[in-house]
J.: 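Structure incoming, see below.
Quick note on labels: first sequence line is chain A, next is B, and so on, each numbered from 1.
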Amino acid sequence: MLHESLCHLPVILLILWVSGIFGDFSTRLHILPQDILVLYFLRKCPCGAPILKEVALLPPINAYFKNNDSRPKLNELPLCRRFAGMDEVRRAKLQELRKLGIEPYPTEPFPTNTTAAEILRSYPQKKSEFKSVRLAGRLWRKRLMGKASFAVLRDETGDIQLYFQRDTFAEKPEWYDVVFKKLLDLGDIIGVEGFVFTTKTGEITIHVEYFRLLAKCLHNLPIEKATEEKTYAALTNPELRYRMRYLDLIVHLEVREIFRQRTAIVQAIRDYFNEKGFLEVETPILQSVYGGAFARPFTTYHNALGMELFLRISNELFLKRLIVGGFTGVYEFSKDFRNEGIDRYHNPEFTQVELYVAYQDYYWMMEEVERLLERVVRQVKGTLKVKYGEYELDFTPPYRRVRYYEALEERMGRDVRNLSEEALIELLREREVPLPEPPYTKINLIAQLFDKLVEPSFIQPTFVLDYPLEISPLAKRHRQAPELVERFELIVAGKEIANAYSELNDPLDQRARLERQAALRAAGAEAMPLDEDFIRALEYGLPPTAGLGLGIDRLAMILCNVRSIQEVLLFPLLRPQ
RNA sequence: GUCCCCAUAGCUCAGCGGUAGAGCAGCGGAUUCUUAAUCCGCGGGUCGCAGGUUCGAAUCCUGCUGGGGACACCA
């Protein structure tokens with residue numbers, strides 16, 4: 001062996017020499033196509049030992065001489081190989097089922113009488129009630145062992161083990177051997193009927209006596225597997241999860257739980273408001289004048305009217321019109337649309353619930369928010385202490401209350417109200433806070449300081465109250481300080497989740513403040529347009545009113561302990577593919 | 001809108017100039033208490049798209065598309 005290799009040495013040296021002619025050999029130690037050509041002509045080592053045979057499998061010659069069509073054509077392969085790993089395997093099984101007279105998408109219903117969770121919860125106490133169960137869901141795992149097999153069924157409520165035994169199977173044995181073992185795939189939707197028992201290892205299991213295919217699944221499912229030592233991740237790519245949310249929901253029971261909780265949050269809020277006698281209403285999404293918030297709107301076009309319309313950025317002005325109209329408490333779960341950037345706290349369409357209650361003020365509303373959240377958090381989480389990331393948030397009222405300027409002074413170590421614009425800009429630079437959008441007004445700079453330095457520091461539920469008048473054009477002047485308004489925000493985990501005022505009901509003041517906004521708008525700033533009809537409504541008399549906006553997505557993020565808003569939106573906005 | 005990172009098998013990822021890899025899923029076989037079933041065998045890819053550099057590109061460069069993160073806007 002050794003001497004054979006040695007006798008190839010001259011050939012190898014020849015190769016190196018020829019290669020040197022073709023290119024910069026010093027940078028590589030690999031065999032090139034031209035090397036192979038040399039070998040091809042030499043064929044044999046001077047000692048007589050064949051060379052080409054040994055070299056023939058080297059990569060370049062493979063590429064060099066290989067006929068591209070030498071591989072078997074796809075349709076020449078037997079079916080089982082041709083479509084291995086592809087959806088077509090399942091398509092073929094579907095045809096096979098039809099041949100056996102089994103419709104893969106039957107019309108007949110399959111009424112169930114229990115669920116996986118129900119069996120797991122109640123069977124140990126009430127064994128006699130589970131002699132004949134019917135349930136339906138996806139076939140989730142198969143552990144085939146010859147004449148008996150285990151499988152897992154996943155229904156809406158969770159997973160339960162199935163047991164199939166050839167000899168006790170009610171149908172013909174072929175149903176076990178062919179239909180169950182060969183033609184059913186993971187992900188297929190089936191209905192099963194049988195009795196519940198406990199295995200030797202203590203797992204509650206359905207002994208299946210009859211099953212029915214209800215819908216064939218034509219895709220391979222990414223199925224998660226996990227043990228103590230190791231987890232085989234299934235579907236973690238966020239893009240795929242959001243684009244194919246149905247798949248995400250099939251695979252991840254915890255994702256289903258997030259959306260159940262989101263719905264539970266909405267229901268708890270609705271229940272609370274309804275018990276209070278507030279009226280749930282619906283107001284226009286398509287508006288010819290938008291308002292109620294600072295935001296760029298989406299525009300659309302009405303063909304018959306021949307006019308531009310806006311998707312609402314807020315429903316505030318409509319709800320106040322309803323209070324003018326005589327309702328004392330109205331609320332709406334409002335999907336609002338804002339034409340702004342997308343990040344983990346912002347989606348272009350999002351949901352808030354807004355509530356307006358006549359004859360109340362923001363102090364009353366603060367207590368109302370505490371009572372509401374106490375109820376909602378307890379109902380959804382079963383406790384008032386909620387884990388959010390590294391924090392444990394405590395929703396037990398009362399929440400800390402801190403005035404806007406006092407919080408700012410506490411954080412900055414001095415009162416910033418008397419500083420000049422230049423001094424404020426300097427202060428922002430000093431604290432490494434990016435400058436806001438120009439024009440730089442005192443109030444914009446102060447608001448930037450507050451938003452960047454103060455707000456994120458409130459982790460536990462905290463009311464910040466008495467905001468500057470300039471940044472709150474719809475809130476009533478503070479009863480003691482005319483440069484402030486009666487407004488609060490609720491901050492949790494450093495983010496605003498609610499915003500409320502004693503609503504401005506002085507039509508003259510409101511007109512002046514909105515005209516000021518209109519002037520700012522004309523100067524290029526983001527500000528509210530003037531809604532003449534809204535002013536007119538106020539002129540008819542809005543009772544003293546407390547108003548609230550509560551961000552449902554943000555609240556859901558906190559209560560579900562997720563860090564991105566996309567996790568609490570079933571179908572977050574993504575670019576189309 | 002700006003900057004940084006990512007895109008390889010159905011899924012999760014490795015490879016980062018020299019024949020495209022693993023685990024899970026899939027296919028064939030064995031298996032009547034398994035549970036990540038196990039054991040034996042097998043297949044699976046336009047390496048996001050388009051150019052460029054190179055004898056040779058999944059790998060290096062440029063552009064594009066999509067996503068993630070940060071910033072800006074905003075809630």
J.: So, OP1 or OP2 of U34(B): does either fall under 4.0 Å of a side-chain N or O from R143(A)?
T.: no

J.: Looking at every strand, decide which applies to I497(A) at a 4.0 Å heavy-atom threshold: base, sugar-phosphate, or nothing.
T.: nothing

J.: Watson-Crick or G-U wobble partner for A58(B), using a 3.5 Å limit on both distances?
T.: none

J.: Scan Q165(A) against the nucleic acid and name what it touches under 4.0 Å (heavy atoms): base, sugar-phosphate only, or nothing.
T.: base

J.: May F350(A) be described as stacking on the base of A75(B), applying a 5.5 Å centroid limit and a 30° limit on plane angle?
T.: yes

J.: State plainly whether the residues E489(A) and R487(A) are in salt-bridge range, i.e. N to O under 4.0 Å.
T.: yes

J.: Under 4.0 Å, counting only non-hydrogen atoms across every strand here, what does N237(A) touch: a base, just sugar-phosphate, or nothing?
T.: sugar-phosphate

J.: Rounding to a whole Å, what distance do you find between L186(A):CG and A36(B):P?
T.: 15 Å

J.: Could you tell me whether E567(A) and R262(A) make a salt bridge, using a distance below 4.0 angstrom between a side-chain N and a carboxylate O?
T.: no

J.: Hey, does G551(A) reach any base, or is it just sugar-phosphate, or nothing, if we go heavy atoms under 4.0 Å?
T.: nothing

J.: Name the nucleic acid region contacted by F197(A), choosing base, sugar-phosphate or nothing; use a 4.0 angstrom heavy-atom cut-off, strictly under.
T.: base

J.: P atom, A57(B) versus C3(B): distance in rounded Å?
T.: 30 Å

J.: Check whether NZ of the Lys or CZ of the Arg K495(A) lies under 6.0 Å from the centre of the six-membered ring of Y345(A) and within 45 degrees of that ring's axis.
T.: yes

J.: Quickly work out the N220(A) CG to G43(B) C1' distance and round it to whole Å.
T.: 13 Å

J.: Angle between ring planes, Y467(A) versus Y404(A), binned at 30° and 60°: parallel, tilted or perpendicular?
T.: tilted

J.: Please classify the nucleic acid contact of N339(A) as base, sugar-phosphate, or nothing, using heavy-atom distances under 4.0 Å.
T.: nothing

J.: With rounding to whole Å, what would you report as the distance between C4(B) and U62(B) at their P atoms?
T.: 11 Å

J.: Atom CZ of R338(A) to atom C1' of A75(B): distance rounded to whole Å?
T.: 6 Å

J.: F180(A) ring centre to K142(A) NZ or CZ under 6.0 Å, with the angle to the axis within 45°?
T.: yes

J.: In terms of side-chain geometry, is the basic nitrogen of R575(A) or E239(A) positioned less than 4.0 Å from the acidic oxygen of its partner?
T.: no

J.: Rounded to the Å, how far apart are L218(A) CG and G10(B) C1'?
T.: 14 Å

J.: To the nearest Å, give me how far apart CG (L139(A)) and C1' (A25(B)) are.
T.: 14 Å

J.: C1' atom, U8(B) versus G45(B): distance in rounded Å?
T.: 8 Å

J.: Provide, to the nearest angstrom, the distance between the CZ atom belonging to R166(A) and the P atom belonging to U31(B).
T.: 11 Å

J.: If we check ring pair (Phe, Tyr, Trp, His ring centres under 6.0 Å) with H207(A), which of these qualifies: F150(A), F130(A), F195(A)?
T.: F195(A)

J.: For K142(A) and C33(B), what is the distance between atoms NZ and P respectively, to the nearest whole Å?
T.: 18 Å

J.: Would you kindly compare P222(A) and Y163(A) by the position of their nearest RNA chain B nucleotide and give the one closer to the 5′ end?
T.: P222(A)

J.: Could you list, one pair per line, each protein nitrogen or oxygen that sits under 3.5 Å from a nitrogen or oxygen of nucleotides 69-71 of chain B, together with the distance?
T.:
residue	atom	partner	partner atom	Å
A70(B)	OP1	R344(A)	NE	3.2

J.: Roughly how many Å is it from CZ in R138(A) to P in A25(B), rounded to a whole number?
T.: 18 Å

J.: I'd like a list of close polar pairs between nucleotides 64-66 of chain B and the protein, N/O only, cut-off under 3.5 Å.
T.:
residue	atom	partner	partner atom	Å
G66(B)	OP1	R575(A)	NE	3.4
G66(B)	O3'	R243(A)	NH2	3.0
G66(B)	O2'	E239(A)	OE1	3.4
G66(B)	O2'	E239(A)	OE2	2.4
G66(B)	O2'	R243(A)	NH2	3.4

J.: Return no unless some side-chain N or O of K93(A) is found under 4.0 Å from OP1 or OP2 of C27(B).
T.: yes

J.: For U34(B), which nucleotide in any strand shown is its Watson-Crick or wobble partner with both distances under 3.5 Å?
T.: none

J.: May I ask you to decide whether K99(A) forms a salt bridge with E96(A), counting only side-chain N to carboxylate O separations under 4.0 Å?
T.: yes

